[in-house]
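All ligand and atom numbering here is 1-based and tracks the order in the structure. Residues: numbered from 1 along the sequence shown. Computation of the quantities below employed the complete heavy-atom set of this structure, encompassing side-chain atoms and omitting hydrogens, waters and symmetry-equivalent molecules.
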Amino acid sequence: MRVATLLFAGSIASITEALVTRAVIDKCLTDAGVPVDIKGSDDWDRDVAPFNVRLPYLPTAISVPLTTKHIQDSVKCGKKLGIKVSAKSGGHSYASFGFGGENGHLVVELDRMYNVTYDAGKNIATVQPGARLGHVATVLYETYGRAISHGTCPGVGISGHFLHGGFGFSSHMHGLALDFVDSVTVVLADGRVVEASSTENSDLLWGIKGAGSNFGIVASWKLRTFEAPKVLTRFGVSLGWNKSTAVAGLEAVEKYAKNDQPREVNFRIGDYNKGQPGIEGLYYGTPEQWRKAFQPLLDTLPTGYNVSEPQTLNWIQAVISYSNYDNVDWTTPSPPENFYAKSLALKGLNGTAAQNFVDYYFDVANNVVDRFWFFQLDIHGGKTSQIAKVAVDATSYVHRDKLYLVQFYDRYENNETYPATSFGFLDGWVDTVTKPLPKSEWGSYANYADARLSRAVAEDQYYGKHLPKLQKLKAKYDPKQLFYYPQSVEPKA
Ligand SMILES: Cc1cc2nc3c(=O)[nH]c(=O)nc-3n(C[C@H](O)[C@H](O)[C@H](O)COP(=O)(O)OP(=O)(O)OC[C@H]3O[C@@H](n4cnc5c(N)ncnc54)[C@H](O)[C@@H]3O)c2cc1C
Ligand SMILES: *[C@@H]1O[C@H](CO)[C@@H](O)[C@H](O)[C@H]1NC(C)=O
Ligand SMILES: *[C@@H]1O[C@H](CO)[C@@H](O)[C@H](O)[C@H]1NC(C)=O
Ligand SMILES: *[C@@H]1O[C@H](CO)[C@@H](O)[C@H](O)[C@H]1NC(C)=O
Ligand SMILES: *[C@@H]1O[C@H](CO)[C@@H](O)[C@H](O)[C@H]1NC(C)=O
Ligand SMILES: *[C@@H]1O[C@H](CO)[C@@H](O)[C@H](O)[C@H]1NC(C)=O
């Protein structure tokens with residue numbers, strides 16, 4: 001009884017404290033002319049809704065900047081009042097890191113800032129920090145006939161995506177989204193607004209291209225583009241693998257990806273249907289050219305596969321086709337999901353690791369029938385991949401030497417609970433694959449944030465050998481961790 005009373009008194013005190021803090025921070029923001037969401041308003045309710053409903057967090061305040069000055073004043077208020085600050089662009093972090101991954105942050109909601117312009121003379125697009133991928137693709141294509149390679153989800157925000165990688169169906173051909181970054185305008189923890197480019201604050205630009213959520217808030221992007229291709233071929237293969245053929249299938253894919261895959265071939269292996277793996281991809285050229293380029297792989301795959309009729313598409317049709325929507329010009333978030341996800345960046349998947357992957361796939365995963373799950377194995381690196389052509393140390397993105405990027409995703413269709421007993425499903429899959437591998441052979445991808453990794457493990461898996469340099473940069477640009485979240489890089493001088 002006594003304990004219960006004390007707890008009750010404690011929670012009243014902390015609620016009161018939270019209300020006072022909210023009033024103080026809201027006042028600091030409104031005094032500076034920064035728009036804020038009023039708690040309980042429709043805007044608050046929209047902006048506080050996480051993409052991953054498994055991980056809801058309550059911000060102390062939400063500012064909604066329309067200008068760089070508003071972002072700067074938000075950071076200054078957070079600094080002055082000792083409240084941690086988190087930028088939220090598209091809000092699609094798997095771990096709700098746009099909210100800071102915990103209660104009590106000042107969330108800087110950037111998604112009202114989504115303008116895109118293009119300077120043809122310089123070949124530079126200027127993009128505001130809350131633009132979503134589908135909107136960026138639409139404006140660049142419709143107005144200017146230009147394109148950038150990036151992921152497939154139209155609602156994902158440019159900032160989270162470009163700050164940590166950005167892999168999609170044009171990445172083998174053209175590289176990661178972050179490879180298109182020319183320069184950025186950044187609001188730093190001390191409240192200054194600076195440019196980061198190859199000539200100015202180049203260490204900051206290095207950190208931003210791979211670990212960018214750690215050093216400041218990007219307020220504007222300057223991006224290079226390529227001419228939108230007119231003829232692309234979407235292709236697909238239903239693989240028909242079973243437990244006795246899948247390892248040979250993976251080894252055939254690995255040999256092709258390492259040695260024979262032309263740069264123009266972009267593809268992944270995925271299973272969205274419990275035991276029915278397939279290939280989906282995009283070729284830069286005609287269906288006839290694709291057939292020639294892909295035949296060496298088909299010749300070595302286990303028999304029993306079916307090739308679908310390839311489709312010829314232009315650039316924006318390909319973007320739309322792989323989005324699973326009819327229209328990608330989005331300025332609002334995706335419908336939420338209730339899920340847990342993990343990832344692996346791998347130098348290869350053969351021998352015992354491949355056997356373990358396959359055994360778990362057929363013996364364990366295929367028996368998980370009460371919910372939706374998938375895996376995707378992206379062909380990320382390899383001899384001709386544009387990602388691998390950039391030196392590993394040129395940016396803080398550390399996985400350029402990895403052949404594959406694998407995502408594992410497990411979702412419940414209700415929006416209420418993800419049972420704690422279900423985490424073991426994906427944990428077990430990843431553990432069995434990595435068990436035989438030396439640590440130097442694998443890591444994981446910061447854009448598929450795994451909320452259950454400890455800080456030290458996450459830092460190691462996301463950033464690998466670049467971690468010490470990132471820790472120094474953190475000590476330089478955000479020593480007091482204003483931009484803290486549970487997996488943010490720890491400052492070390
Ligand atoms: C449906 C879906 C499909 C996806 N498909 C792909 C894919 O094909 N390829 C791929 O590579 N990834 C993919 N992803 C992963 C995606 O790239 C990441 O979730 C990405 O980080 C989301 O960016 P965001 O801006 O929407 O997220 P947010 O939650 O807004 O931000 C993510 C992180 O970046 C920080 N941040 C946001 N804006 C800024 C800023 N301006 N300055 C500094 N830090 C900032 C946040 O604080 C947070 O830590 C997909 C995700 C989803 C949900
Ligand atoms: C976006 O551009 C339009 C048209 O120029 C302008 O009216 C609007 O204020 C801009 N929005 C922001 C957030 O800058
Ligand atoms: C390939 O097509 C045949 C004929 O339609 C079908 O029976 C078989 O199941 C298909 N196999 C795969 C792997 O899709
Ligand atoms: C697995 O697939 C191969 C190739 O299609 C087939 O020959 C074999 O019988 C299958 N094995 C099982 C156990 O279904
Ligand atoms: C097998 O996988 C490992 C990574 O675990 C990789 O380093 C090696 O190159 C692969 N071997 C072949 C033949 O692809
Ligand atoms: C979960 O939430 C989304 C978005 O609000 C909604 O579209 C969906 O129907 C919900 N699912 C269930 C089972 O309530």
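- Partners of H399 by ring pair (Phe, Tyr, Trp, His ring centres under 6.0 Å), not counting sequence neighbours, listed by chain and number: Y397.
- Taking the six-membered ring wherever Trp is involved, the centroid distance between the rings of Y404 and H380 does not fall below 6.0 Å.
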Intermediate values then yes/no, salt bridge (charged side-chain N to carboxylate O under 4.0 Å, His left out), D42 and R46: CA-CA 6 Å; D42 289 351; R46 196 201 100 163; over 6 Å; no
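- Residues forming a ring pair (Phe, Tyr, Trp, His ring centres under 6.0 Å) with Y144 (at least two apart in sequence, or on another chain): Y118.
- Within ligand 5, the atoms closer than 4.0 Å to a non-hydrogen atom of E254 are 1 (C), 2 (O), 10 (C), 11 (N), 12 (C), 14 (O), numbered from 1 in the order shown.
- Neither the backbone nor the side chain of E251 has any atom closer than 4.0 Å to an atom of ligand 5 (non-hydrogen atoms only).
- Near R112, the atoms of ligand 2 lying under 4.0 angstrom from a non-hydrogen atom of the residue are 13 (C).
- Looking only at distances, no side-chain donor or acceptor of N259 sits under 3.5 Å from a matching main-chain atom of Y256.
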Measure from every N or O atom of ligand 4 to the protein's N or O atoms and keep only the pairs below 3.5 Å, writing each with atom names and distance to 0.1 Å.
residue: ligand 4; atom: 2 (O); partner: N242; partner atom: ND2; Å: 2.4
residue: ligand 4; atom: 5 (O); partner: T303; partner atom: O; Å: 3.4
residue: ligand 4; atom: 11 (N); partner: N242; partner atom: ND2; Å: 2.9
residue: ligand 4; atom: 14 (O); partner: N242; partner atom: ND2; Å: 3.3

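- Taking every non-hydrogen atom of N350 and a distance limit under 4.0 Å, the qualifying atoms of ligand 5 come out as 1 (C), 2 (O), 3 (C), 8 (C), 10 (C), 11 (N), 12 (C), 14 (O).
- W315 and F226 have perpendicular rings, their planes meeting at more than 60° on a 0 to 90° scale where under 30° would count as parallel.
- Checked against a 3.5 angstrom limit, the closest N/O atoms of K347 and ligand 5 fall outside it.
- Within the 6.0 Å centre-distance limit, the rings of F294 and F235 are counted as a close aromatic pair.
- Put simply, the side chain of D478 gets close to the backbone of F483: a donor and an acceptor are under 3.5 Å apart.
- Listed by number with element, the atoms of ligand 5 under 4.0 Å from a non-hydrogen atom of L437 are 5 (O).
- For N266, there are no side chain to side chain donor-acceptor pair (under 3.5 Å) partners two or more places apart in sequence or in a different chain.
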